[in-house]
Amino acid sequence: MKIQAPKGTRDILPSEIHRWQYVSNVFAGLCDCFGYKEIRIPVFEHTELFQRGVGDTTDIVQKEMYTFDDKGGRSVTLRPEGTAGVVRSYIENGMYSLPQPIKLYYDITAYRYENVQKGRYREFHQFGVEALGAAGPEIDVEIISILYMFFEKLGLKQTGLNINSIGCPACRKPYLEKLKEYFRPLLNTLCADCNNRFEKNPLRIIDCKNEGCKRFIEGAPLQLDNLCDECRIHFAGLKAGLENLGINYKIDSKIVRGLDYYTRTVFEFVSEKGGSQGTICGGGRYDGLVEMCGGPSVPGIGFALGVERLLMELDIQGVTIEEPQAPDIYIATLGQKAVDLAMDMVYKLRGCGVKAETDLMGRSLKAQMKYADKKRFSYTIVIGDDEIEAGKGVLKDMRTGDQKDVSLDSVVDRLKNQVKERDAAAR
RNA sequence: GUGAGCUUAGCUCAGUUGGUUAGAGUGCCAGGUUGUGGCCCUGGAGGUCGUGGGUUCGAUUCCCAUAGCUCACCCCA
């Protein structure tokens with residue numbers, strides 16, 4: 001069998017790595033401004049964490065987890081998302097006794113076993129943020145504003161924000177009864193999936209895409225219209241907070257979110273043209289999760305953003321990310337003495353932060369020049385026996401083709417300064 | 001889990017109505033007389049035509065199976 005990357009995984013190659021590094025850096029910089037610190041959590045956790053944290057009735061837990069027994073007979077699972085692991089770490093490391101709220105972000109891979117298609121992979125990348133300890137709508141607004149500013153910084157203009165409230169345990173119970181009452185007489189006309197959902201998670205019926213079911217969903221009671229006073233006030237606070245910052249949103253009363261732990265605020269950022277995988281980012285409040293995972297009763301809110309989908313959206317909206325700066329100087333050599341000298345020179349230059357290379361293939365001068373050209377070096381220096389004897393090298397500007405002699409003693413210092421000045425000017 | 005399309009060189013693709021050594025462009029390597037890139041020219045390396053089986057004198061081509069890729073459903077990032 002030919003060895004190749006497993007289904008649903010892919011290499012991020014040197015030719016595209018700058019796009020990934022760019023969005024990661026922008027995200028990290030922004031989180032830093034907002035006072036969020038990076039957390040790095042394990043790629044795998046005990047399976048039980050996700051069963052409890054993500055929810056037994058979710059598709060993720062029921063059919064999408066990469067679960068296996070390790071050699072000690074423990075069942076472990078590759079993380080299908082980041083929140084559960086962060087919450088586990090919050091509890092395990094006693095973060096509730098640090099100044100609250102705890103504000104964290106992460107840049108991770110996640111794993112779900114499902115059929116691949118556009119914008120969906122088995123190994124995929126997420127940027128995420130979690131804020132624990134704050135219950136009011138202000139933190140909801142802050143979390144959403146991170147994303148809003150992030151998209152703005154990246155130059156994404158057609159990315160819409162949808163928000164909803166799915167209530168708390170107190171108001172969800174009577175609502176679910178109401179919902180079931182509504183759907184009960186319709187059960188034999190609803191699809192098989194919905195019949196399944198009816199007992200396990202009736203909320204998800206509202207999300208059904210089946211045309212036959214959609215007709216009835218239109219008239220179904222919505223959680224948004226059946227919130228308790230506290231939830232209603234919270235949602236009003238969220239809306240007012242977003243308006244205060246000038247953040248546009250739409251209320252989408254059908255957002256449910258596929259994970260069990262969400263309470264009250266749920267939201268997503270969607271692409272206008274992204275097609276079936278148009279959700280770039282999803283998030284919400286999870287006030288019961290920490291307690292459910294064995295910690296104290298602490299409220300939380302967060303989001304996860306799909307990096308693959310973000311990069312797709314940048315393409316769709318025509319946002320290009322510039323290639324990193326070209327390398328500075330290539331030292332072309334003729335003869336062993338020149339090779340030795342060049343090795344010493346590039347070593348010194350690199351020590352000063354200058355991007356320098358020399359021949360490692362024993363190639364002809366012409367081939368070396370071709371290499372320098374293809375790799376887009378700004379300058380080359382040619383060194384041969386003549387130059388060493390004269391203590392001079394030929395410095396060539398690869399853009400203009402101009403050449404001049406330079407003293408080999410001073411050239412390292414001169415280049416160093418030149419690059420420093422250029423970098424300062426760029427800033 | 002279900003359905004559709006695709007699979008020939010590193011990449012993008014031709015092609016063979018079944019018949020000797022399977023092609024182009026691009027990329028890579030080397031040359032185009034003394035020590036200089038880009039344009040141009042020449043040459044070279046590189047393919048068990050996804051894999052396994054069947055039909056046939058003969059299969060890269062036809063048939064079947066299988067894997068992978070791509071897309072869609074479900075669901076999600």
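Throughout, a chain's letter reflects where its sequence line sits, starting with A, and its residues are numbered from 1.
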Visitor: Contact class for A:L310 vs. all strands (heavy atom < 4.0 Å): base, sugar-phosphate, or nothing?
Guide: nothing
Visitor: Taking only side-chain nitrogens and oxygens of A:Q368, does any of them come within less than 4.0 Å of OP1 or OP2 of B:G37?
Guide: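 Checking A:Q368 against B:G37: no side-chain N or O falls below 4.0 Å of OP1 or OP2.
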Visitor: What does A:Y121 touch in the nucleic acid at a heavy-atom separation under 4.0 angstrom: a base, only the sugar-phosphate, or nothing?
Guide: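 Counting heavy atoms under 4.0 Å across all strands, the contact made by A:Y121 includes a base.
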Visitor: Quick one: the side chain of A:R10 and the base of B:C69, do they pair up donor-acceptor inside 3.5 Å?
Guide: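 No pair found.
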Visitor: Please classify the nucleic acid contact of A:A304 as base, sugar-phosphate, or nothing, using heavy-atom distances under 4.0 Å.
Guide: sugar-phosphate
Visitor: Would you kindly give the NZ-to-C1' distance between A:K375 and B:G38, to the nearest whole Å?
Guide: 17 Å
Visitor: Output yes when a side-chain donor or acceptor of A:R122 lies under 3.5 Å from a complementary backbone atom of A:E114, and no otherwise.
Guide: yes
Visitor: Without decimals, in angstroms, what is the distance between A:L305 CG and B:C76 C1'?
Guide: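 Between C1' of B:C76 and CG of A:L305: 14 Å.
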Visitor: Quick check for you: among B:G35, B:U36, B:G37, whose closest atom lies nearest to any side-chain atom of A:M398?
Guide: B:G37
Visitor: With a 4.0 Å cutoff (strictly under), does any side-chain N or O of A:K7 reach OP1 or OP2 of B:C69?
Guide: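 A:K7 to B:C69 OP1/OP2: side-chain N or O found under 4.0 Å.
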Visitor: Provide, to the nearest angstrom, the distance between the NZ atom belonging to A:K366 and the C1' atom belonging to B:G32.
Guide: 6 Å
Visitor: Between atom CG in A:D402 and atom C1' in B:U36, what is the gap in whole Å?
Guide: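 Taking atom C1' of B:U36 as the reference, CG of A:D402 is at 14 Å.
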Visitor: Would you mind reading off the distance between A:L365 atom CG and B:U36 atom C1', rounded to a whole angstrom?
Guide: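 About 5 Å, once rounded to whole Å.
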Visitor: Is there a donor-acceptor contact under 3.5 Å from the side chain of A:E45 to the main chain of A:F50?
Guide: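 Here the side-chain-to-backbone pair does not exist.
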Visitor: Describe, in one word, how the ring planes of A:F150 and A:F27 are oriented to each other, choosing from parallel (under 30°), tilted (30 to 60°) and perpendicular (over 60°).
Guide: perpendicular
Visitor: Determine the Euclidean distance between corresponding P atoms of B:C63 and B:C6; express it in Å to zero decimal places.
Guide: 12 Å
Visitor: Could you measure between the two C1' atoms, the one in B:G52 and the one in B:G68, and give it in whole Å?
Guide: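 Nearest-Å result for B:G52 against B:G68 at atom C1': 14 Å.
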Visitor: Distance check, C1' atoms only: B:C41 and B:U33, in whole angstrom units.
Guide: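 My reading of the C1' atoms in B:C41 and B:U33 gives 16 Å.
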Visitor: Contact class for A:G128 (heavy atom, under 4.0 Å): base, sugar-phosphate, or nothing?
Guide: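 The residue A:G128 makes no contact with any strand.
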Visitor: Can you tell me the pairing partner of B:U2 across any strand shown, Watson-Crick or G-U wobble, with both distances under 3.5 angstrom?
Guide: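 B:A72 is the nucleotide pairing with B:U2.
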Visitor: Choose from B:C74, B:C73, B:G31 the nucleotide whose nearest atom is closest to any side-chain atom of A:N115.
Guide: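 Nucleotide nearest to A:N115's side chain: B:C73.
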Visitor: If we call it a pair only when both distances are under 3.5 Å in a Watson-Crick or G-U wobble match, what pairs with B:U51?
Guide: B:A65
Visitor: Is the shortest side-chain N/O distance from A:Q117 to OP1 or OP2 of B:C71 below 4.0 Å?
Guide: no
Visitor: For A:K374 and B:C29, is the shortest distance between a side-chain N/O and OP1 or OP2 below 4.0 Å?
Guide: yes
Visitor: With a 3.5 Å distance limit and no angle check, can you tell me whether A:R309 reaches the backbone of A:G119 through a side-chain donor-acceptor pair?
Guide: yes
Visitor: Between A:S145 (side chain) and A:E142 (backbone), is there a donor-acceptor pair under 3.5 Å?
Guide: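 Such a contact is found between A:S145 side chain and A:E142 backbone.
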Visitor: Which is more 5' along RNA chain B, the nucleotide nearest A:R120 or the one nearest A:M361? Just name the residue.
Guide: A:M361
Visitor: For the C1' atoms, the ones on B:A72 and on B:G53, what distance do you get once it is rounded to whole angstrom?
Guide: 31 Å
Visitor: So, is A:R363 close to the B:C29 phosphate, meaning a side-chain N or O under 4.0 Å from OP1 or OP2?
Guide: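 Indeed, a polar side-chain atom of A:R363 lies that close.
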Visitor: Select one nucleotide: of B:G1, B:C71, B:G31, the one nearest the side-chain heavy atoms of A:S364.
Guide: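 For the A:S364 side chain, the nearest candidate turns out to be B:G31.
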Visitor: Would you call A:D225 and A:K178 a salt bridge, using N to O less than 4.0 angstrom?
Guide: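 Judged by the 4.0 Å cut-off on N to carboxylate O distance, A:D225 and A:K178 do not form a salt bridge.
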Visitor: When the P atoms of B:A59 and B:A24 are compared, how many Å lie between them, rounded to an integer?
Guide: 25 Å
Visitor: Which value, in whole Å, describes the distance between the P atoms of nucleotides B:U20 and B:C49?
Guide: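 That atom pair is separated by 15 Å.
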Visitor: The side chain of A:K396 lies closest to which of these nucleotides: B:C73, B:G68, B:U36?
Guide: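 Given the options B:C73, B:G68, B:U36, the side chain of A:K396 is closest to B:U36.
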Visitor: Could you go through the side-chain hydrogen bond (donor to acceptor under 3.5 Å, both in side chains) check for A:E313 and A:S271 one step at a time?
Guide: CA-CA 7 Å; A:E313 185 65 8; A:S271 164; 2.5 Å; yes
Visitor: Does the A:Y286 side chain pair with the main chain of A:Y261, one donor and one acceptor, at a distance under 3.5 Å?
Guide: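 Pair absent, no side-chain N/O of A:Y286 close to backbone of A:Y261.
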Visitor: Find the distance A:E64:CD to B:G1:P and express it as a whole number of Å.
Guide: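 It is 13 Å, rounded to the nearest whole Å.
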Visitor: Separation of A:I331 atom CD1 from B:U36 atom P, in whole Å?
Guide: 19 Å
Visitor: Measuring only the C1' atom in each nucleotide, how far is B:G15 from B:G25? A whole number of Å is fine.
Guide: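 Approximately 15 Å lies between the C1' atom of B:G15 and that of B:G25.
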Visitor: So for A:E114 and B:A77, does any side-chain atom that can act as donor or acceptor lie under 3.5 Å from a complementary atom in the base?
Guide: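 When only heavy-atom distances are counted, A:E114 does reach the base of B:A77 through a donor-acceptor pair under 3.5 Å.
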Visitor: Would you classify A:E387 as touching base, sugar-phosphate or nothing, given that sugar-phosphate means primed atoms plus P, OP1 and OP2, and contacts are heavy atoms under 4.0 Å?
Guide: base
Visitor: Quick one: label A:V394 by what it contacts on the DNA or RNA (base, sugar-phosphate, nothing), any heavy atom closer than 4.0 Å.
Guide: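 Touches a base.
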Visitor: Using atom P in both nucleotides, what's the gap between B:C13 and B:C76 to the nearest angstrom?
Guide: 34 Å
Visitor: Tell which nucleotide pairs with B:A30, taking only Watson-Crick or G-U wobble pairs whose two distances are both under 3.5 angstrom.
Guide: B:U42
Visitor: Whole Å only: how far is the CE atom of A:M312 from the C1' atom of B:C76?
Guide: 13 Å
Visitor: Decide, applying a 5.5 Å centre-distance limit and a 30° plane-angle limit (both strict), whether A:F124 stacks on B:A77.
Guide: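 Per 5.5 Å and 30° rule: yes, stacked.
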